[in-house]
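A note on names: the letters A, B, ... follow the listed sequences, proteins ahead of strands, and every chain is numbered from 1.
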Amino acid sequence: MLAQANEADLLEATSRKVAPRSSDLFKVGPQFSETRHHQDIYCKSNDMDVNPILGARIDRGFEMGETGTWIGYKRNYFTLVSSFTFENFDFERFLHNKFYTYEKLSRSSVGENKVEISYFAIRLVAKCSDDDVSISLIQHTPKRDKGPQFPPPIYPAVPGNLPDHSTVRASCNKRNNGKIENMNKIFYFDRAEYYHNANLNALKDNSVLKNYPSDSIARVARFERIQFSSSIRIKSTSVNSRYFTLHVELLGIIEDEDSQIQPILLSSIETPPLIVRGRSPSNYHKDRTSGYRPHGPGH
DNA sequence: TTCGACACATACGT
DNA sequence: GACGTATGTGTCGA
């Protein structure tokens with residue numbers, strides 16, 4: 001059974017051409033690390049320390065290679081979802097509170113500055129795993145080449161639960177309004193609807209909720225049709241591939257003295273090192289049946 | 001060798 | 001089941 005699985009993986013990874021719309025393209029990728037904390041979060045009402053827990057899953061675009069490393073393709077899309085919760089905070093409790101953190105002051109000065117968090121947000125970044133240098137990611141529309149490209153959005157977000165892999169799979173490429181609406185209930189929180197049902201409005205609300213920039217607020221940040229920027233260098237030497245990591249960051253958005261919006265990195269999670277295969281034909285129609293890596297002159 | 005552009009093919013959603 | 005889409009990947013030429 002193990003041998004069988006390996007054989008299947010090998011076939012998958014080395015020979016067969018993949019149909020462009022096959023649902024097999026959805027695969028769960030590598031696990032993310034435990035949440036790492038960068039700046040503490042406190043609850044305003046009682047100054048209690050709040051423990052954020054970030055979760056994320058790659059749902060498309062990476063598969064495990066023969067040697068156990070995770071492999072993606074520069075030319076192909078990947079999909080990633082992420083959400084966060086606060087330990088011991090159910091959703092209602094979150095909605096009735098405000099939070100603050102400390103802003104690191106410049107190196108020359110000492111100490112930290114207490115700042116209120118206007119709202120929370122989730123960001124996706126990629127880094128080169130050697131030097132921690134940021135790598136740009138881009139997002140396509142369904143029109144791909146015919147549409148514009150953007151950097152992946154930073155999602156203003158409230159706490160939420162990560163949907164199943166199958167839910168993410170089912171959420172892609174929907175045009176039917178009813179289906180889209182059902183998916184939106186999973187991926188978004190509707191503030192206007194909440195205010196209506198709770199007999200509240202933005203004037204009466206004095207919680208963190210009122211500071212979010214729009215009524216449609218992510219419960220789950222969904223990053224679809226993401227690719228590594230076409231300009232990334234894949235090799236560190238002519239032989240060795242570089243490794244990349246994907247990081248999901250929980251940000252606290254604050255307002256500085258000049259009412260400028262500014263993100264503070266509160267916590268993050270990351271993938272293990274990833275290989276991104278480039279466009280070289282040697283990364284495609286391989287037919288070797290051993291673990292041998294081709295790099296000599298081919299055909 | 002690598003990249004942008006265009007092309008072809010094929011499973012999916014409606 | 002037909003039709004339009006979305007997307008992996010083949011290819012050309014700078």
#### Entry: ring pair (Phe, Tyr, Trp, His ring centres under 6.0 Å), paired with A/Phe223, selected from A/Tyr77, A/Phe150, A/Tyr155
A/Tyr155
### Message
If hydrophobic residues (ILVMFWY) are linked whenever their side-chain heavy atoms come closer than 4.5 Å, directly or via other members, who joins A/Tyr102 in its cluster?
### Response
A/Tyr42, A/Tyr100
### Summary
Bounded by its outermost nucleotides with an atom under 4.0 Å from a heavy atom of chain A, the footprint on DNA chain B reads B/dT2 to B/dT14
### Query
Would you say the side chains of A/Asp145 and A/His140 form a donor-acceptor pair under 3.5 Å?
no
#### Entry: A/Leu209 side chain near A/Tyr194 side chain, heavy-atom distance below 4.5 Å
yes
### Query
Which ILVMFWY residues can you reach from A/Ile53 by hopping between side chains whose heavy atoms are under 4.5 Å apart?
none
### Task
Quick one: which residue pairs count as a ring-ring contact (aromatic ring centres under 6.0 Å, His included) with a foot in residues 241-268 of chain A, not counting sequence neighbours?
A/Phe228-A/Phe244
### Query
Does a side chain donor of either A/Ser214 or A/Ser216 reach within less than 3.5 Å of an acceptor in the other side chain?
no
#### Entry: Base versus backbone protein contacts along nucleotides 3-8 of chain C [heavy-atom cut-off under 4.0 Å; B, S, -]
--BBBB
### Summary
Heavy-atom nearest nucleotide on DNA chain B taken for A/Pro281 and for A/Ala170; more 5' hit belongs to A/Pro281
### Query
Is the cationic atom of A/Arg219 (NZ for Lys, CZ for Arg) positioned less than 6.0 Å from the six-membered ring centroid of A/Phe189 and within 45 degrees of its normal?
no
### Message
Could you check whether A/Ser45 and A/Asn97, counting side-chain N and O atoms only, form a donor-acceptor pair closer than 3.5 Å?
### Response
yes
#### Entry: Test salt bridge (charged side-chain N to carboxylate O under 4.0 Å, His left out) applied to A/Arg36 and A/Glu270, step by step
CA-CA 9 Å; A/Arg36 171 150 52 117; A/Glu270 66 197 78; 2.9 Å; yes
I'd like a table of atom pairs between the protein and nucleotides 12-14 of chain C - only N or O on both sides, under 3.5 Å - with the distance next to each one.
none

### Task
By nearest nucleotide on DNA chain B, pick out whichever of A/Asn176 and A/Ser230 is the more 5' one.
A/Ser230
### Message
Within the 4.0 Å heavy-atom criterion, would you say A/Lys74 contacts the bases, only the backbone, or no part of the nucleic acid?
### Response
sugar-phosphate
